[in-house]
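Read through the structure below, which is laid out as structure tokens, and then see the notes.
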Amino acid sequence: MNLEQQQPKIFAYFKTILKEQRLSHAYLFSGEFASFEMAIYVAKSLFCTNLSKDNQPCLICRSCQLIDEREFLDLKIIEPTGNTIKTETVRDFIHDFSFSGIEGKRQVFIIKEAEKMHLNAANSLLKFIENPQKDVYIILITSDANKILPTIRSRCQVFYFKKDHNYIKDYLESLGVLPSQAMKLAELVSTISEAEKLSKNQKWLDNMREIELVVSALLTNQPQVYLRMAKLSEKIQEKDEQLMTFKLMVYLASKVDDLFKKDALLKKIYQAQKMWQANVSFQNALEFMALAD
């Protein structure tokens with residue numbers, strides 16, 4: 001996977017600031033498409049023992065390899081436990097900031113899904129960002145910068161990682177995925193790794209076909225639409241797959257040529273999704289679409 005191809009503008013920017021040694025101490029990466037990979041690249045640039053003349057990491061030295069294996073001691077990656085990054089977790093690694101690095105002087109902390117930090121955790125982090133230490137670098141990764149406390153956001157350099165649908169589609173096709181499937185999968189995922197994982201999930205690929213049949217039945221008012229919805233709800237039990245079902249329905253509806261039918265169907269899908277998010281059962285939310293005028 002080529003980071004420069006996935007995010008050419010952001011990659012070019014970081015090449016420049018690495019060359020000029022102008023790296024900041026706090027970044028906020030908004031969007032999941034290649035953002036974690038970029039964070040890892042920045043970390044490698046700080047620890048690589050064989051930097052190029054323009055301060056780019058070699059990607060093959062001991063430090064770079066240990067970072068790839070998540071075993072480099074001065075790089076800490078924080079992720080949510082369940083749906084939360086706990087206050088104790090953040091306070092523990094802030095405590096580590098007071099010590100020098102093990103491999104060298106520098107330390108890098110990457111916080112994935114940073115929007116899931118508990119409010120107290122976010123406030124603890126804010127205090128540190130306001131008074132950064134010389135050799136400590138923090139990169140926050142979030143699906144949406146607006147979900148991060150404004151006070152933290154204002155103290156970070158923010159970069160927006162826009163998803164490149166065509167890149168994902170082309171990558172999946174290079175793996176042998178059918179173009180029609182690759183296009184739909186590209187709409188559902190945020191990262192290349194997610195796309196690759198879904199492309200190997202035959203159960204989900206079969207479910208995608210069932211979702212298309214449900215949407216078609218809704219458009220044409222087929223009497224068997226309820227049976228199709230019942231069948232679909234039995235097959236799709238996991239919350240993340242149910243969410244992807246709504247996302248795929250929106251995508252399929254957006255491709256309808258008849259503007260009136262498209263608008264009506266999209267309204268039904270969005271309303272059904274809101275019901276589901278309010279804890280209405282997945283099957284009942286689907287059936288609402290068949291009942292709504």
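Predicted, not measured: the structure shown is a model, and the values here were computed from it.
- Heavy atoms of other residues, nucleotides or ligands lying less than 6.0 angstrom from CD of Gln237 number more than 12.
- Not one N or O on the side chain of Thr84 forms a donor-acceptor pair closer than 3.5 Å with the backbone of Pro80.
- In this structure, Glu187 does not pair ionically with Lys247, as no charged nitrogen and carboxylate oxygen lie closer than 4.0 Å.
- Listed for the Arg155 side chain is a donor-acceptor partner under 3.5 Å among the backbone atoms of Thr151.
- When the options His165, Glu173, Lys169 are evaluated for a side-chain contact (heavy atoms from CB on, under 4.5 Å) with Met183, the one that passes is Lys169.
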* To do: Might you work through the ring-ring contact (aromatic ring centres under 6.0 Å, His included) test for Phe93 and Phe109, ending with a clear yes or no?
  => CA-CA 8 Å; Phe93 79 73; Phe109 293 83; 5.2 Å; yes
* To do: Take Phe288 and Leu286 through the side chain to side chain contact (heavy atoms under 4.5 Å, CB included) test and state the conclusion after the steps.
  => CA-CA 5 Å; Phe288 161 81; Leu286 292 179; over 6 Å; no
Result block: side-chain N/O donor-acceptor pairs under 3.5 angstrom for residues 254-262, not counting sequence neighbours:
{"unit_1": "Ser254", "atom_1": "OG", "unit_2": "Tyr251", "atom_2": "O", "d": "2.5"}
{"unit_1": "Asp258", "atom_1": "OD1", "unit_2": "Phe260", "atom_2": "N", "d": "3.0"}
{"unit_1": "Asp258", "atom_1": "OD1", "unit_2": "Lys261", "atom_2": "N", "d": "3.1"}
{"unit_1": "Lys262", "atom_1": "NZ", "unit_2": "Ser254", "atom_2": "O", "d": "3.4"}

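- Of the possible donor and acceptor atoms, none in the side chain of Glu4 sits under 3.5 Å from a partner among the backbone N and O of Phe11.
- Closest non-hydrogen pair, Glu115 versus Ile141, comes out as OE1-O, 4.2 Å.
- The backbone N or O of Val280 sits nowhere less than 3.5 Å from a side-chain atom of Asn284 that would complete a donor-acceptor pair.
- A donor-acceptor pair under 3.5 Å is absent between the side-chain atoms of Asp135 and the main chain of Arg106, judged by distance alone.
- In this structure, the side chains of Lys184 and Glu212 come closer than 4.5 Å at one or more pairs of heavy atoms.
- In this structure a side-chain-to-backbone donor-acceptor pair under 3.5 Å is present from Lys163 to Ala186.
- Residues that satisfy the salt bridge (charged side-chain N to carboxylate O under 4.0 Å, His left out) test with Glu287, not counting sequence neighbours, are absent from this structure.
- From Phe36, atom CZ reaches atom OG of Ser190 across 15.0 Å, with rounding to the nearest 0.5 Å.
- Counting only heavy atoms from C-beta outward, the side chains of Ser174 and Asp170 never approach each other to under 4.5 Å.
- Under a hydrophobic-cluster definition in which Ile, Leu, Val, Met, Phe, Trp and Tyr are linked whenever side-chain heavy atoms come within less than 4.5 Å, directly or via other members, Leu185 and Leu175 are assigned to the same cluster.
- With hydrogens and angles ignored, the 3.5 Å screen pairs a side-chain donor or acceptor of Gln56 with a backbone N or O of Lys15.
- Less than 6.0 angstrom separates the ring centroid of Phe14 from the ring centroid of Tyr27.
- Side-chain atoms of Arg153 come within 3.5 Å of backbone atoms of Ala145 as a donor-acceptor pair (strictly under, hydrogens ignored).
- Rounded to the nearest 0.5 angstrom, Asn207 CG and Gln202 CD are separated by 10.0 Å.
- Considering every non-hydrogen atom in both Leu188 and Leu248, the closest pair reads CD2-N, 3.6 Å.
- Other residues, nucleotides and ligands contribute over 12 non-hydrogen atoms within 6.0 Å of the NZ atom of Lys203.
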* Could you walk me through whether Ile40 and Arg70 pass the side chain to side chain contact (heavy atoms under 4.5 Å, CB included) test, one step at a time? => CA-CA 10 Å; Ile40 292 295; Arg70 309 293 182 264; 4.1 Å; yes
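- Nearest heavy atom pair, residue Ile85 against residue Lys112, reads CD1-O, 3.5 Å.
- Side chains of Ile168 and Glu196 form no contact here, defined as non-hydrogen atoms less than 4.5 Å apart.
- The main-chain N or O of Ile236 is found under 3.5 Å from a side-chain atom of Gln242 such that the two form a donor-acceptor pair.
- Taking all atoms of both residues into account, the shortest heavy-atom contact from Leu172 to Ala195 is CD2-O, 3.6 Å.
- The hydrophobic cluster containing Val108 does not contain Leu51, counting ILVMFWY residues as joined when their side-chain heavy atoms lie under 4.5 angstrom apart, directly or transitively.
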* Asked: Stepwise, does the side chain to side chain contact (heavy atoms under 4.5 Å, CB included) test hold for Val90 with Lys86?
  -> CA-CA 7 Å; Val90 173; Lys86 297 179 180 179; over 6 Å; no
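- Residue Asp206 qualifies as enclosed at atom CG: its count of foreign heavy atoms under 6.0 Å is above 12.
- Contact record, Met289 with Ala272: CG-CB, 3.7 Å, taken as the closest heavy-atom pair.
- Hydrophobic clustering (ILVMFWY, side-chain heavy atoms < 4.5 Å, transitive): Leu227 and Leu232 are in distinct clusters.
- Both Leu3 and Ile139 are part of a single hydrophobic cluster, where members link through side-chain heavy atoms under 4.5 Å apart.
- For the pair Leu140 and Leu125, the minimum side-chain heavy-atom distance is below 4.5 Å.
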* To do: I would like to know whether Thr191 and Glu32 meet side chain to side chain donor-acceptor pair (under 3.5 Å); could you show each step before the answer?
  => CA-CA 6 Å; Thr191 67; Glu32 298 169 289; over 6 Å; no
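- Atoms CD and NZ, from Glu210 and Lys235 in turn, are 4.0 Å apart once rounded to the nearest 0.5 Å.
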* Between Ser52 and Asp54, is a side chain to side chain donor-acceptor pair (under 3.5 Å) present by the stated rule, with each step listed? -> CA-CA 5 Å; Ser52 67; Asp54 55 357; 2.4 Å; yes
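- Contact annotation: the side chain of Leu75 approaches that of Ile77 to within less than 4.5 Å [non-hydrogen atoms, C-beta and beyond].
- Other residues, nucleotides and ligands place no more than 12 heavy atoms under 6.0 Å from the NZ atom of Lys200.
- Put simply, Tyr13 and Leu46 are part of the same group of oily side chains (I, L, V, M, F, W, Y) that touch within less than 4.5 Å, one to the next.
- Between atom CD of residue Gln7 and atom OH of residue Tyr160 there is a gap of 14.0 Å, rounded to the nearest 0.5 Å.
- Of the N and O atoms on the side chains of Trp204 and Glu241, not one donor lies less than 3.5 Å from an acceptor on the other residue.
- Using cut-offs of 30° and 60° on the angle between ring planes, the pair Phe159 and Phe29 is perpendicular.
- Within the 4.5 Å cutoff, the side chain of Cys48 has heavy atoms near those of the Cys58 side chain.
- In terms of heavy atoms, Leu266 sits closest to Val250 at CD2-O, 3.8 Å.
- Taking CG from Asn50 and SG from Cys64, the interatomic distance works out to 8.5 Å, rounded to the nearest 0.5 Å.
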* To do: Could you please spell out the steps behind the salt bridge (Lys or Arg N to Asp or Glu O under 4.0 Å) verdict for Glu113 and Lys116?
  => CA-CA 6 Å; Glu113 299 182 73; Lys116 294 183 178 179; 2.6 Å; yes
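- Between Phe282 and Trp276, the ring-plane angle classifies as perpendicular under the 30° and 60° cut-offs.
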* To do: Apply side chain to side chain contact (heavy atoms under 4.5 Å, CB included) to the pair Phe47 and Ile67, showing each step before the final yes or no.
  => CA-CA 9 Å; Phe47 298 118; Ile67 288 172; 3.9 Å; yes
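- Between the side chains of Gln222 and Thr220, at least one donor-acceptor pair of N or O atoms lies under 3.5 Å.
- Distance alone, capped at 3.5 Å, places no donor-acceptor pair between the Gln6 side chain and the Ala34 backbone.
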